[in-house]
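Here's the structure, in structure tokens; my notes come after.
The basis for the numbers below is simple: all heavy atoms, side chains too, and nothing from hydrogens, waters or symmetry mates.
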Amino acid sequence: MNLTHTKIQPFPHSPPLTHPTFLFSSRSLLPFPRNLKPAHVSPSFLYKKHTLLRYGCFGVSRSRTRSSISEVKAEQKQKPLLVKRAYPFDEIEPKWQRYWEQNRTFRTPNDVDTSKPKFYVLDMFPYPSGAGLHVGHPLGYTATDILARFKRMQGYNVLHPMGWDAFGLPAEQYAIETGTHPKLTTLRNINRFRSQLKSLGFSYDWEREISTIEPQYYKWTQWIFLQLLKRGLAYQAEVPVNWCPALGTVLANEEVVDGVSERGGHPVIRKPMRQWMLKITAYADRLLEDLDELDWPESIKEMQKNWIGRSEGAEVEFCVLDSDGRETDMKITIYTTRPDTIFGAMYLVVAPEYTLLSSIVSTEQRESVEEYQDIASRKSDLERTELQKEKTGVFSGCCAKNPTSGEPIPVWVADYVLGSYGTGAIMAVPAHDARDHQFASKFNIPIKWVVTPNNGSCFESGKAYSGEGIIVNSSNLKVGLDINGLSSKEAAYRVIEWAEKVGKGKKKVNYKLRDWLFARQRYWGEPIPVIFLEDSGESLPVLESELPLTLPELDDFTPSGTGEPPLSKAVSWVKTIDPSSGKPATRETNTMPQWAGSCWYYLRFMDPKNSNELVDKAKEKYWSPVDVYVGGAEHAVLHLLYSRFWHKVLYDIGVVSTKEPFKCVINQGIILGEVQYTACKDTDGNYISVDSADDLGEYLQENISEERVVKSGEFFVLKDSPNIRLIARAHKMSKSRGNVVNPDDVVSEYGADSLRLYEMFMGPFRDSKTWNTSGIEGVHRFLGRTWRLIVGSPLHHGAFKDGTLVTDEEPTMEQLRTLHKCIAKVTEEIEGTRFNTGISAMMEFINAAYKWDKQQKAIIEAFVLLLSPYAPHMAEEIWSRLGHPDSIAYEAFPKADPAYLKESTVVLPVQINGKTRGTIQVEKGCSEEDAFTLASQDEKLSKYLNGKPIKKRIFVPGKILNVVLDRQNVKAGSIQ
């Protein structure tokens, strides 16, 4: 097989390197495609591309080999290849990773000097899946590592730990399918994750590593549960839940998509079950109010506010009427946030699971209602309340009396009302609520307008007016209520006052937030430390001295299908004795949800080996709160809300000293897979442009390789048929799409420092970005160029000589200015988590340094310190070569000297006869004579000045030089 070699000269002062093309671009060798262009080029990508081009780091002309993997492997066996590397990362990185581990470089001592400032930076710890890491995972980990290294170098005590959120359904499902105990697969996955993270050079204190599946950890998870139980914050209740028979467990709303389980796609139904609940609603106001004190993204705070959903309104009773229209003893209590619109309530809606529904439904409608209830039970709460979905419902067969108007109104059953919110019943005002209007329009229910806009504008035909205004059509003197002419706010107050006076309602504050369902019918989770007396069924807490209550060993993890958890099969474990009374008892067989262990792990990292208490008070007081917490936006609500809830409980009982666990939360963007191209075809197999495909109605799609694609304007088209526009889209990385990029492969080819640098350079940290392999080749060459500047070019056999090329000479003023400008920029950008522009500043420095005749040690050492948080392996190696015996990790981070940041030169416009003809660079304080001399020597300006008679010169220091020529003595046409 012929391997094409390409001569690459990436930088002006570097010798040509010969690279076998397949090592950089062959699709057949690599698990991911090469050199794809983004479908939608973001500003951050344009900035990155511009910078790489500017510094000679982007785009290498390469030819492609079309040989198969087997051919390449066969040739490799026959003929080993020697490659001249950009720098020896494959030697440097393992060497320094061993050094850090052997010397415990990043260990945070148990007893730190508390007079020093602290910095606690934490990643949302991962669930160790069998797939291992993909390149999207290190994005957040690299950012926190840069911050941790930066703060260490600034003299902070840094806590930067890592652990594993290891309980969960995936491991148990794998155990059911394969018969392998979930602990074995989980530990194997943890080992793989740990190995991958270590290969990336992250400065975690591995001696603080924790895992939620270890009994010494979940002992304290169980202890927290007992504290909740003591305070009435943990209780049992029969509630409607998402029950998945195939998985044999209850699922959270977020785990149900389109009526099936997110994992496995199994049918899910709603059914009532007795469950453990945590009373998070008791902390609703505090969870809401304390958000204002947090340095979190406003979008995250808004999501939490919406999830808590505090609203003020009223509860009002509507009397149920019998078939003859007479009042009965039954009342339907509704909750409304708009009591001012009560005269416009034209029907009531109750949830399918409403407790009184079976009592009020008519005989004629019972079958229809029960059929509707069955359909609704298969939907999640999120599906039912989706605003865009078509409204469905069924008439209950009964009516109720509007207490204000006195009119009978129908009672409907509809799934857009939830039994878990408010009272499970609402008054529907179709004139002033969009959902009610859609429902009324569909089922021909009358609409009555009771609010007019303040500005007197007319109602928009066919739509509800949901705003406030002036009340109309709202008077009934028989019941003593007239709110006509009042503002909405005043009318609402008057209605509540009237309802309380006549005993038909009251003011009410409500929350969308529901109590936390805290039980799962699965094996692989923390046992709930509760027993039940056999004779009475009374529940009793396990004694704290008996914790941890460990999971029994089981061979059969399969769900029973009845709702009975797998732990019920461990008969000898289930049967126990109450130590207080000596009576026979049984253990709780439900386990805690996966959220439990991740609610408080940040506290255990402060004191991971403490067997006597959850966390030592002095250590907690020093390290709390977490200064920076980084993770995906998908955890914006539940994980963060549950952690805040537990933390506030622990604050109330004196375990922690702060009201909130996380001072600053940062959500990193998603790294999408490389762009995939798709062409559309008609039914005859002919290519058609995507912009005309929808007109056909029916068409086929075909994946197109990048070699057949070219960009045309804003779009991508077939190279051979430019009139055929393609679909170009980047998707979230997943095994099913085949677009996952394994960081192990990237590290093997380019090194960990290159991967770290590229992930930070792709664009703003918080933005989503598209993976593009040509980009990592660019930053890899930047690192190679840095290496050659300091260490030198490789010898003829590919190795690099020891030591460096630096000199001990004093740096020049130009070098100092360039360095301190870089120091100021890198420092500012790390502190602002704008890592991509910090890298750009270092690229500018290297670009400038290549123009210098010599590299002074004082300059290079400072630059290596700047590079260290980003590319720690290379920085450690160069630091060692510069003669330093200790690690760079705790060296002082450089500080910019303001004296070198002041610009010493200015750009001076030069005018000839009042018209600007060019500019010159002059020193600040430059004299008129010196400025004129420089202008006369300037290539562009000299033709206007040399040999020309000058009438006068007008000079404003630092602002302008205007040369007025003597026109009488200048030949016509000599000045253009």
[atom1] of [X]: more than 12 outside heavy atoms within 6.0 angstrom?
{"X": "Lys512", "atom1": "NZ", "value": "no"}
{"X": "Asp324", "atom1": "CG", "value": "yes"}
{"X": "Tyr493", "atom1": "OH", "value": "no"}

What distance separates [X] [atom1] from [Y] [atom2], expressed to the nearest 0.5 Å?
{"X": "Ile224", "Y": "His647", "atom1": "CD1", "atom2": "NE2", "result": "11.0 Å"}
{"X": "Leu233", "Y": "Phe645", "atom1": "CG", "atom2": "CZ", "result": "5.5 Å"}
{"X": "Leu291", "Y": "Ile308", "atom1": "CG", "atom2": "CD1", "result": "5.5 Å"}
{"X": "Lys305", "Y": "Glu302", "atom1": "NZ", "atom2": "CD", "result": "5.5 Å"}

Inset, instruction - Could you check Trp412 against Phe439 for ring pair (Phe, Tyr, Trp, His ring centres under 6.0 Å), going step by step and ending with a plain yes or no? - result: CA-CA 10 Å; Trp412 283 74; Phe439 192 93; 5.4 Å; yes
Residues [X] and [Y] bridged, charged N to O under 4.0 Å:
{"X": "Glu289", "Y": "Arg286", "value": "no"}
{"X": "Glu312", "Y": "Lys508", "value": "no"}
{"X": "Lys663", "Y": "Asp295", "value": "no"}

Please name all residues satisfying side chain to side chain contact (heavy atoms under 4.5 Å, CB included) with [X], sequence neighbours left out, ordered by chain then number.
{"X": "Lys617", "value": "none"}
{"X": "Ile470", "value": "Thr452, Asn454"}
{"X": "Glu293", "value": "Asp290, Lys659"}
{"X": "Ser359", "value": "Met330"}

Measure across [X] and [Y] and return the closest heavy-atom pair with its distance rounded to 0.1 Å.
{"X": "Gly397", "Y": "Ser362", "result": "CA-OG, 3.4 Å"}
{"X": "Tyr335", "Y": "Gly422", "result": "CB-CA, 4.4 Å"}
{"X": "Cys398", "Y": "Ile360", "result": "CB-O, 3.4 Å"}

By ring-ring contact (aromatic ring centres under 6.0 Å, His included), which residues pair with [X], not counting sequence neighbours?
{"X": "Phe662", "answer": "Tyr602, Tyr629"}
{"X": "Phe765", "answer": "Phe835"}
{"X": "Tyr642", "answer": "Trp516, Trp595"}

Inset, instruction - Any salt bridge (charged side-chain N to carboxylate O under 4.0 Å, His left out) involving residues 344-372? Give me the pairs, sequence neighbours left out, ordered by first then second residue. - result: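 Counting only pairs at least two positions apart or across chains, the salt bridge (charged side-chain N to carboxylate O under 4.0 Å, His left out) contacts touching residues 344-372 are Glu353-Arg384.
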Inset, instruction - May I have all residue pairs that pass salt bridge (charged side-chain N to carboxylate O under 4.0 Å, His left out) and include part of residues 468-487, sequence neighbours excluded? - result: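 Checked against salt bridge (charged side-chain N to carboxylate O under 4.0 Å, His left out) - neighbours excluded - no pair reaches residues 468-487.
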Inset, instruction - Measure the acute angle between the ring planes of Trp449 and His437, then classify it against the limits of 30° and 60° as parallel, tilted or perpendicular. - result: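 Tilted: the ring planes of Trp449 and His437 meet at 30° to 60°.
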Anything under 3.5 Å between a donor and an acceptor, one on a side chain of residues 494-504, the other on a protein residue two or more places apart or in another chain? List them.
residue, atom, partner, partner atom, Å
Trp498, NE1, Val479, O, 2.9
Glu500, OE2, Lys507, N, 3.1

Legend entry - Residue pair Trp646 / Leu228, side-chain heavy-atom distance below 4.5 Å: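 A side-chain contact under 4.5 Å exists here.
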Legend entry - All salt bridge (Lys or Arg N to Asp or Glu O under 4.0 Å) counterparts of Lys401, not counting sequence neighbours: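 Result, salt bridge (Lys or Arg N to Asp or Glu O under 4.0 Å) vs Lys401: Glu327.
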Please tabulate, for the side chains in residues 340-349, all donor-acceptor contacts under 3.5 angstrom to protein atoms that are two or more places apart in sequence or on a different chain.
residue, atom, partner, partner atom, Å
Asp340, OD1, Arg338, NE, 2.9
Asp340, OD2, Arg338, NE, 3.4
Asp340, OD2, Arg338, NH2, 2.9
Asp340, OD2, Ser488, OG, 3.2
Thr341, OG1, Arg338, O, 2.8
Tyr347, OH, Asp436, O, 3.0

Inset, instruction - May I ask you to check whether Phe225 and Trp276 place their ring centers less than 6.0 Å from one another? - result: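 For Phe225 and Trp276, the ring centres are under 6.0 Å apart.
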Inset, instruction - With side-chain hydrogen bond (donor to acceptor under 3.5 Å, both in side chains) as the test, would you mind laying out the steps for Asn484 and Ser475 before giving the verdict? - result: CA-CA 6 Å; Asn484 280 337; Ser475 176; 4.5 Å; no
